[in-house]
Amino acid sequence: MGNFFGHPRNTNVRVSLPAVCFVWQIAMIILFGVFIRYDEESDVRLWLEHKAAENITSDIENDFYFRYPSFQDVHVMIFVGFGFLMTFLKRYSFGGVGFNFLIAAFGLQWALLMQGWFHSLDHTTGKISIGVESLINADFCCAGSLIAYGALLGKVSPVQLLVVTLFGVTLFAVEEYIILDLLHCRDAGGSMVIHAFGGYYGLAISWVLYRPNLRQSNRLNGSVYHSDVFATIGSLFLWMFWPSFNSAITDHGDGQHRAAINTYLALASSVLTTVAISSASQKRGKLDMVHIQNATLAGGVAMGTAAEFMITPYGSLIVGFCSGIISTFGYLVVTPFLEKYLKLQDTCGVHNLHAVPGMLGGFTGAIVAAAATEAVYSREGLIQTFDFEGRFADRSVNTQGGFQAAGTCVAIAFGLVGGAIVGLILKIPIWGDPADDNCFDDEVYWEVPEEEETIPPVLEYNNHMIHKHQDMTESNFSVEQS
Amino acid sequence: MGNFFGHPRNTNVRVSLPAVCFVWQIAMIILFGVFIRYDEESDVRLWLEHKAAENITSDIENDFYFRYPSFQDVHVMIFVGFGFLMTFLKRYSFGGVGFNFLIAAFGLQWALLMQGWFHSLDHTTGKISIGVESLINADFCCAGSLIAYGALLGKVSPVQLLVVTLFGVTLFAVEEYIILDLLHCRDAGGSMVIHAFGGYYGLAISWVLYRPNLRQSNRLNGSVYHSDVFATIGSLFLWMFWPSFNSAITDHGDGQHRAAINTYLALASSVLTTVAISSASQKRGKLDMVHIQNATLAGGVAMGTAAEFMITPYGSLIVGFCSGIISTFGYLVVTPFLEKYLKLQDTCGVHNLHAVPGMLGGFTGAIVAAAATEAVYSREGLIQTFDFEGRFADRSVNTQGGFQAAGTCVAIAFGLVGGAIVGLILKIPIWGDPADDNCFDDEVYWEVPEEEETIPPVLEYNNHMIHKHQDMTESNFSVEQS
Amino acid sequence: MGNFFGHPRNTNVRVSLPAVCFVWQIAMIILFGVFIRYDEESDVRLWLEHKAAENITSDIENDFYFRYPSFQDVHVMIFVGFGFLMTFLKRYSFGGVGFNFLIAAFGLQWALLMQGWFHSLDHTTGKISIGVESLINADFCCAGSLIAYGALLGKVSPVQLLVVTLFGVTLFAVEEYIILDLLHCRDAGGSMVIHAFGGYYGLAISWVLYRPNLRQSNRLNGSVYHSDVFATIGSLFLWMFWPSFNSAITDHGDGQHRAAINTYLALASSVLTTVAISSASQKRGKLDMVHIQNATLAGGVAMGTAAEFMITPYGSLIVGFCSGIISTFGYLVVTPFLEKYLKLQDTCGVHNLHAVPGMLGGFTGAIVAAAATEAVYSREGLIQTFDFEGRFADRSVNTQGGFQAAGTCVAIAFGLVGGAIVGLILKIPIWGDPADDNCFDDEVYWEVPEEEETIPPVLEYNNHMIHKHQDMTESNFSVEQS
């Protein structure tokens with residue numbers, strides 16, 4: 001079969017996939033053994049000492065109670081949200097949710113190490129301390145690679161996805177270190193470090209891996225009724241829990257509170273503008289499920305940086321308003337344009353859901369930061385919100401705004417350059433990626449149950465009957481002809 | 001096509017739907033700009049001042065940590081719970097979950113304003129302060145309109161639904177003000193203000209919009225196997241999170257704790273009586289998914305008022321016991337009766353799940369309130385639970401019971417009268433509602449993917465054709481042989 | 001029909017199912033009335049007194065805020081997690097999720113009583129006090145019976161399941177009392193008391209109920225594409241919330257924090273080894289959804305005892321590593337072996353997901369307990385973690401390790417012996433269980449909607465074929481006629 005369409009592809013991953021998983025997991029065990037320890041809130045001895053030292057009288061002060069509910073919401077977004085959002089293809093639901101699962105479980109371990117080395121390595125002991133905030137950050141870090149998977153959905157092998165994740169997590173930790181630590185940006189919900197980076201990372205990989213003859217498998221590049229309902233599960237869990245995503249690692253108290261409110265409002269606003277544009281663009285005003293599943297989330301992405309700032313409730317509505325419009329417009333116009341003229345195939349439209357809204361979110365954050373005043377925040381509030389302490393004690397909000405904008409550019413640059421390089425690595429013909437005519441098909445990497453969805457025995461019965469008829473009529477015919 | 005069934009309907013919403021969404025969202029931005037501000041727990045400056053003024057030493061005292069986990073559960077109930085419960089129709093899953101999404105996102109913004117004007121407007125500054133409790137109340141407020149949607153499912157256009165929501169939220173805020181503020185009722189889980197109101201509101205609308213010839217599209221007014229499984233997702237998330245719904249805005253501490261326990265017990269009890277009645281009513285004791293998906297929830301509805309009271313654990317079981325029976329009985333007997341004799345079409349049976357259990361919950365609350373004693377609550381506990389403060393400091397529990405019962409009647413009256421008026425508004429032939437033969441069909445308002453999933457109605461068709469062929473070929477054959 | 005396959009089975013449960021549900025629910029109401037009261041954190045008077053007595057200044061100290069988010073996660077695991085994991089069969093999704101619902105709602109009430117009598121009966125008043133921790137324990141207790149259902153899925157009647165649950169909950173409460181109170185074991189996430197017990201309980205029942213001719217209905221003993229996607233919903237919610245399961249009832253503060261971290265890590269690790277073994281075992285390296293849905297969870301099961309100990313992060317990864325391998329290997333080799341040689345039919349493979357990983361978890365806990373040192377835990381930490389107080393004040397960690405191992409054996413013994421006895425009870429031919437040829441078929445106990453899912457391309461294809469035939473036969477006919 002492959003002969004007609006170029007070199008036959010070997011999609012057998014029976015050696016490579018188990019090998020990568022085993023080697024990787026063993027490496028993780030060794031590195032965790034060397035580096036990772038419980039932090040002072042999850043280690044029994046250290047927590048007792050910490051409570052005594054800080055005069056803490058109640059266990060409720062443990063960071064666990066500030067962040068664990070948000071962590072679980074984020075966890076649902078990563079595994080069910082992202083996973084089910086990618087089940088919309090008619091025959092790639094296993095790959096959508098299953099490889100998402102693999103990527104995240106693989107990536108979060110590496111993320112704990114990479115982020116630990118950059119952010120919480122104790123230089124005296126050489127150890128990394130982890131707690132619930134580390135778990136949230138690890139989930140966030142995986143999100144970058146999961147976003148990239150959205151652009152590649154259906155066109156790559158699981159081994160390639162592990163390569164994407166390995167480099168994606170590494171690049172993420174580096175750009176995050178530059179943006180959050182060196183440039184001292186704030187990016188609680190990751191408009192810059194997660195969405196802009198992840199989106200452009202995926203787009204760059206997909207651009208390098210362009211498949212000019214992909215239309216041959218377009219038959220499978222679409223949804224069916226029930227696969228769209230499955231995808232809506234993912235979409236809604238993302239939508240509902242986005243306030244937790246943007247507030248999960250913000251400041252205790254008003255910080256988490258405000259980030260949740262702002263995100264809630266922005267998301268509601270983008271639903272209305274998404275519906276408006278979607279309806280206005282279609283014959284007879286019919287809505288398109290692709291828009292409803294995706295563009296409604298753009299408000300959450302675009303609010304990722306500014307959610308913890310005093311953007312005001314109506315400011316949040318405006319952010320959602322604009323991002324819903326831009327994202328839906330992206331699905332209608334930009335994605336087809338990119339595919340036709342830029343040779344860029346973006347299965348889930350991460351350009352419209354993550355890349356552009358993430359970039360907008362970064363610049364929104366820059367503007368809101370630059371506009372901060374003592375009258376609104378109070379002096380102490382400004383220091384606390386923007387963490388103007390230590391060597392950043394003298395930074396003005398205007399300077400902060402400039403650095404926020406610069407951080408957005410860094411994230412995009414990391415995504416584009418890193419993605420291009422990873423794309424080239426993935427072009428090496430050893431990764432078991434599918435042929436064009438096998439794209440978007442679970443059959444390649446999954447044992448798919450024989451399809452006999454409704455009333456199988458009858459079905460087979462019918463086929464038998466039809467063949468029997470065929471034989472009868474044909475022989476019948478030939479008898480006559482003779 | 002329309003000619004045979006009356007005037008052809010114009011279901012094109014390409015102008016009206018985008019126009020309403022845009023105008024509405026812009027109005028929201030302006031009104032939020034004028035009125036809505038962060039409250040003292042989500043504003044950075046105010047929270048710092050509040051902590052200093054109240055000698056609060058820990059951010060964990062922020063209301064966010066008392067209510068945010070419950071808020072997220074309520075949020076899931078609104079979007080996934082209500083949404084997926086309405087995916088049960090075989091070809092209206094997009095409309096079920098999608099329009100639910102639109103209604104809630106549209107309504108919650110208006111709810112923040114309406115409830116703010118009535119409950120938390122600062123008359124000095126003219127501003128409304130919002131925090132996590134406001135978000136919960138906004139979600140609750142939308143629930144009223146979503147319940148009404150249950151009665152209308154498949155028979156109205158999205159533009160009509162926005163009208164239903166606009167008036168629904170407005171009526172809700174008014175009746176809530178009357179019931180909670182003027183009558184000083186307690187209704188933590190909204191048996192009265194949410195369920196009784198929402199249920200009767202939807203029924204009254206549906207009664208005005210009666211479609212005598214709807215049987216023509218009855219082909220689509222039913223479920224298929226997988227759509228029933230989807231609906232079960234919604235049903236279970238409602239069932240699981242109902243303890244959070246009823247405890248989300250109750251008093252800190254024992255109030256939230258007790259409301260969760262009571263609701264948990266009532267729900268478990270209604271599962272058993274629902275199964276019992278469902279099985280007893282069917283040939284060979286087979287269970288009906290409609291009952292399992294819906295009537296099992298009646299215990300949560302009926303516990304909406306009394307959950308925060310000292311109803312006792314066995315009292316909760318009794319409430320669940322009765323409401324499971326009544327609700328299942330409603331699906332078996334009352335809904336068909338209403339349709340046949342009262343000309344009332346109630347797609348999801350909100351009469352049995354919300355209207356009647358809500359009313360029961362209101363009266364249950366009245367009885368439990370009237371039966372409260374100092375021996376059980378302690379004096380301080382009575383004051384705290386029933387908020388006997390200010391001008392209500394002298395109210396007795398008996399009086400309170402009377403007002404609770406009156407409140408239930410107010411909710412029902414608002415639902416019926418408001419619904420009748422809104423129904424008349426919706427009869428104006430400008431809203432793009434579907435013709436009878438297009439009801440329950442996603443094709444009208446959604447771009448539905450071409451279906452190539454499996455095979456059945458065709459199956460029956462095929463069987464007919466095949467048998468016909470068989471006859472033909474066989475007779476044919478025999479003719480030849482002879 | 002039954003004549004050919006043995007005695008005709010009477011699967012009519014129209015009397016027995018309602019009777020059991022009603023009698024049971026009424027008994028529950030009476031017993032709750034006699035025994036169950038709110039505890040001092042959910043009773044308004046007692047909480048006020050408790051706060052005054054303990055000088056508690058804030059309601060946030062109420063146990064509700066420590067445990068309710070975890071409770072809700074556990075609740076989701078019980079109803080959506082277990083429930084949807086069992087929807088994988090092509091025509092038993094209603095039974096999978098619906099009977100799971102019934103079992104849990106039935107069992108949790110009995111669990112509150114049984115666990116109350118054994119653990120929290122006030123011998124002065126004769127009352128049981130319940131709070132949020134009781135609800136979690138009741139959910140845990142049901143999990144044992146739900147695990148057993150996994151082995152029986154599709155082969156038993158709902159009435160039999162209620163019997164399984166009645167005895168399952170009772171046995172659970174007794175073995176839990178022996179293991180946790182008499183042997184003074186620690187088992188926060190229930191590797192022993194939940195998983196080992198539940199797994200072996202189900203296996204023993206299934207072994208007694210062996211059906212030698214079951215292959216006749218094997219046609220339905222498998223999945224279809226969309227039923228596998230539904231099952232993945234259950235699987236992912238179990239996977240995501242397992243950190244909450246293992247930390248729900250551990251010590252406040254560092255205990256809950258550490259249990260969540262350890263479980264998170266173990267689960268991630270088992271995903272990678274599951275993928276590795278699944279891929280390595282199949283032709284062309286294809287993944288098997290059964291493994292991905294189930295074996296990825298083994299890390300959570302195996303971490304159930306040790307999660308609250310100082311097992312270290314890399315220790316958690318090792319536990320996940322091993323249990324992922326063992327569990328996948330079980331699905332590949334052991335389940336077929338058990339069915340063929342031990343006459344043991346295990347529909348969901350609970351042997352590989354619960355029984356063996358639970359046993360491993362119990363022994364892992366024993367080893368980690370025995371290896372505990374004061375250097376790691378501090379003296380106070382050791383006392384707190386292992387509850388070395390009262391008559392256990394002098395117990396050494398080595399002794400504790402021995403008792404942990406003994407506890408594991410007790411759990412297994414209770415499961416095997418209890419299950420065998422319950423199996424014999426279920427063989428009495430009065431329970432309405434299905435005939436072999438009706439196994440795995442929802443038609444027996446559910447009103448299943450007529451299937452007409454609708455589907456064009458096949459339709460068109462078929463129509464083409466049919467028209468072709470029609471032409472052929474017709475032309476044929478006409479030729480003959482002429």
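The structure presented is a predicted model; accordingly, all values stated were derived computationally and were not measured. Chain letters run A, B, ... following the sequence lines, proteins first, then strands; residues in each count from 1.
Looking only at distances, no side-chain donor or acceptor of B/Tyr68 sits under 3.5 Å from a matching main-chain atom of A/Ala260.
Heavy-atom distances place no part of A/Ser235 under 4.5 Å from chain B, backbone and side chain included. The part of A/Gln384 that comes within reach of chain B is its side chain, from C-beta onward, which places non-hydrogen atoms under 4.5 angstrom from that chain. With a threshold of 4.5 angstrom between heavy atoms, B/Asn62 approaches chain A through side-chain atoms but not through N, CA, C or O. For A/Phe66, the parts lying under 4.5 angstrom from a heavy atom of chain B are both the backbone and the side chain. Of the atoms belonging to B/Glu41, heavy atoms from both backbone and side chain fall under 4.5 Å from chain A. Of the two parts of A/Leu267, neither the backbone nor the side chain holds a non-hydrogen atom closer than 4.5 Å to a non-hydrogen atom of chain B. When heavy atoms are compared at a cutoff of 4.5 Å, A/Ser58 does not approach chain B at all. Heavy atoms of B/Asp73 lying under 4.5 Å from chain A are absent altogether. Residue A/Phe88 does not touch chain B at all, counting heavy-atom pairs closer than 4.5 Å. Contacts of B/Val444 with chain A are made by backbone atoms alone, with heavy-atom separations under 4.5 Å and no side-chain atom involved. For A/Val290, no part lies near chain B; criterion is any non-hydrogen pair under 4.5 Å. Interface residue A/Glu61: only side-chain heavy atoms are found under 4.5 Å from chain B. Heavy atoms of A/Ala375 lying under 4.5 Å from chain B belong exclusively to its backbone. Only the side chain of A/Thr385 has a heavy atom closer than 4.5 Å to any heavy atom of chain B. Proximity to chain B involves both the backbone and the side chain of A/Ile311, based on heavy atoms less than 4.5 angstrom apart. Both the backbone and the side chain of A/Ile233 have a heavy atom closer than 4.5 Å to some heavy atom of chain B.
Ring centers of B/His75 and A/Trp239: under 6.0 Å apart, within the cut-off. Aromatic pair A/His226/B/Phe230: ring centres closer than 6.0 Å. Taking the six-membered ring wherever Trp is involved, the centroid distance between the rings of B/Phe79 and A/Phe241 does not fall below 6.0 Å. Proximity of the aromatic rings of B/Phe94 and A/Tyr225 is defined here by a centroid distance below 6.0 angstrom, and this criterion is met.
Between B/Asn10 and A/Arg284, the closest side-chain pair of non-hydrogen atoms falls below 4.5 Å.
When A/Gly315, A/Ser316, A/Gly381, A/Ala280 are compared by the number of non-hydrogen pairs under 4.5 Å with chain B, A/Ala280 comes out ahead.
A side-chain N or O of B/Gln72 and one of A/Ser244 form a donor-acceptor pair less than 3.5 Å apart. For the residue pair A/Tyr377 and B/Asp43, no side-chain donor N or O sits within less than 3.5 Å of a side-chain acceptor on the partner.
Applying the salt bridge (charged side-chain N to carboxylate O under 4.0 Å, His left out) criterion to B/Arg14, with sequence neighbours excluded, gives no partner residue.
Atom CZ of residue B/Arg45 and atom OG1 of residue A/Thr373 lie 9.0 Å apart, to the nearest 0.5 angstrom.
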